[in-house]
Visitor: 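Once you've had a glance at the structure underneath, I'll fire off some questions.
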Amino acid sequence: MVTAKAHSNFALIKYWGKREEVLNLPAVGSISITLQEIFTISSLMFDKSLAQDMIEINGKAASPQEAQRVSSFIDLFRRLGKITAAVKVISRNNFPTGAGLASSASAFASLALAANQAANLNLTSSKLSELARMGSGSAARSIFGGFVEMKIGKRSDGSDSIAVPIAGKEFWDMHVLIAITSEKQKEIGSTVGMKMTAATSPYYPQWINTNQSDLKEMRHAIQNKDFEKLGELSELSCLKMHAVALSANPGLIYWNSATIDCMHAIRNLRKQNIPVYFTIDAGPQVKAICLKGDIPVIQAELKKIRGVKRIISSALGPDASILEDQL
Ligand code: 2P0
């Protein structure tokens, strides 16, 4: 079996909306950071003796829907490698699945690396990012560590809708505290939520129109190590994404009351001159972006909030990689 590890990521400039659904091409570019502490490890082998694909996720047989999604993804690699055998996949996250912690990002990125090696394809990281995107848009970014930009691309075949690294994890000692406010699976996943937003929100065109300037400013903030700018842009993109999702019909509410309390607590910390900014994905968890020295005081404040169940602390993480040990 081949085993690969990919770290989850979350976006500072958010991806929300597609320009094409079959190849899963994004309607907006995004910029993310990859996280050290939250990841998926997947082991995979092609096995002619299997009658059908065997897929285990987090210690249980995959649901028919999950199995279908993974099998279709592995088909991309079977086609490239002219492989007809069924596949055995064992995949494990070290964090809650489907609760706004980008489990599909690390899952499909780890599967892409493992399938590439198991099928002897020797694909480049760019090609793996392109293929990972077809599993899940955010997975394209988890191929790389540190700061990563996902390009919208122009080509209809999707070959330029790929992630590219901006800077490695050593570039900047940034840190993230993730306040977990619920371990439940969200009711409306990102794929459906994006589709509803694009179809019904009157603000969707403006969301798309302001993306290029957000990306440009964020690239500058990273290159100049301007933490205040990076944080302000992250909050702006997060709130804009939630605003467009809230304005869908029916509106999408991914937050709970603890989510909102965390946002206020983070802004209050800023009033006390502690540089910390929030971002929130399609779920109720709040990610506090900060610098290493400020972790204890921010962690103490977030812990006080009713409804914050636990806090995950993470530095920036590395590229996805092949591991020697299997699951
Ligand atoms: C992001 N999210 O940029 C945004 C912000 C969630 C909120 O990328 O349909 O699960 O599989 O391409 O990758 C989550 O979207 O969506 C996501 P699909 P995906 O991180």
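The model shown is predicted, which means the values in this text are computed figures rather than measured ones. Residue indices begin at 1 and follow the sequence shown. Remember, it's 1-based here, ligands and their atoms both numbered in the order they're listed.
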Visitor: In terms of side-chain geometry, is the basic nitrogen of Lys287 or Asp281 positioned less than 4.0 Å from the acidic oxygen of its partner?
Guide: yes
Visitor: Between Ile289 and Ile38, is there shared hydrophobic-cluster membership here, with clusters defined by ILVMFWY side-chain heavy atoms closer than 4.5 Å?
Guide: yes
Visitor: Any atoms of ligand 1 less than 4.0 Å from a non-hydrogen atom of Met194? List them with their elements.
Guide: 15 (O), 16 (O)
Visitor: If you count every heavy atom of other residues, nucleotides or ligands that lies below 6.0 Å from Met54 atom CE, does the total exceed 12?
Guide: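 No, not enclosed.
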Visitor: Hey, is Arg270 close enough to Glu235 for a salt bridge, meaning N to O under 4.0 Å?
Guide: yes
Visitor: Kindly give the heavy-atom pair with the smallest separation between Ser237 and Leu12, and that separation in Å.
Guide: CB-O, 3.4 Å
Visitor: Report yes or no: does a heavy atom of Ala105 sit under 4.0 Å from some atom of ligand 1?
Guide: no
Visitor: Should Ile13 be counted as touching ligand 1, given the test is an N or O pair under 3.5 Å?
Guide: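 It does not: no N or O of Ile13 is found under 3.5 Å from an N or O of ligand 1.
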Visitor: Just jot down the ligand 1 atoms closer than 4.0 angstrom to any heavy atom of Thr191, in number order.
Guide: 9 (O), 11 (O), 18 (P)
Visitor: Just go through Phe10, Phe108, Tyr15, Tyr254 and tell me whose heavy atom is the nearest to atom 2 (N) of ligand 1.
Guide: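 Looking at heavy atoms only, Tyr15 sits closest to atom 2 (N) of ligand 1.
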Visitor: Can you list the atoms of ligand 1 that are under 4.0 Å from a heavy atom of Met241?
Guide: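 Here the atoms of ligand 1 in question are 5 (C), 7 (C).
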Visitor: Does any N/O atom on Asn9 come nearer than 3.5 Å to any N/O atom on ligand 1?
Guide: no
Visitor: Need the ligand 1 atom indices (1-based, order shown) with element for anything under 4.0 Å from a heavy-atom of Ser104.
Guide: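 So the atoms of ligand 1 that pass are 10 (O).
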Visitor: If you measure only the distance, is there a donor-acceptor pair under 3.5 Å linking the side chains of Arg69 and Ser104?
Guide: no
Visitor: For Ser136, which part has a heavy atom under 4.0 Å from ligand 1: side chain, backbone, both, or neither?
Guide: both
Visitor: Give a yes or no on whether a salt bridge exists between Lys304 and Glu301, defined as a side-chain N under 4.0 angstrom from a carboxylate O.
Guide: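 Salt bridge present between Lys304 and Glu301.
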Visitor: Considering only heavy atoms, does Ser138 approach ligand 1 within less than 4.0 Å through its side chain, its backbone, both, or neither?
Guide: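 Ser138 to ligand 1: contacts from backbone and side chain alike.
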Visitor: Using the rule given for salt bridge (charged side-chain N to carboxylate O under 4.0 Å, His left out), can you reason through Lys309 versus Glu183, listing the C-alpha separation, both sets of side-chain angles and the distance that settles it, and then say yes or no?
Guide: CA-CA 9 Å; Lys309 297 187 188 316; Glu183 312 248 1; over 6 Å; no
Visitor: Which of the numbered atoms in ligand 1 are under 4.0 angstrom from any heavy atom belonging to Gly137?
Guide: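 Result: 11 (O), 12 (O), 13 (O), 18 (P).
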Visitor: Of the backbone atoms (N, CA, C, O) and the side-chain heavy atoms from C-beta on, which set of Asn24 has a member under 4.0 Å from an atom of ligand 1: side chain, backbone, both, or neither?
Guide: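 Contact part for Asn24 vs ligand 1: side chain (C-beta onward).
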Visitor: Counting each atom of ligand 1 from 1 as listed, which ones have a heavy atom of Lys14 under 4.0 Å away?
Guide: 3 (O), 5 (C)
Visitor: For Lys18, look at atom NZ and say whether over 12 heavy atoms of other residues, nucleotides or ligands are found less than 6.0 Å away.
Guide: yes
Visitor: On a heavy-atom basis, I'd like to know which of Arg69, Lys18, Arg141 is closest to atom 18 (P) of ligand 1.
Guide: Lys18
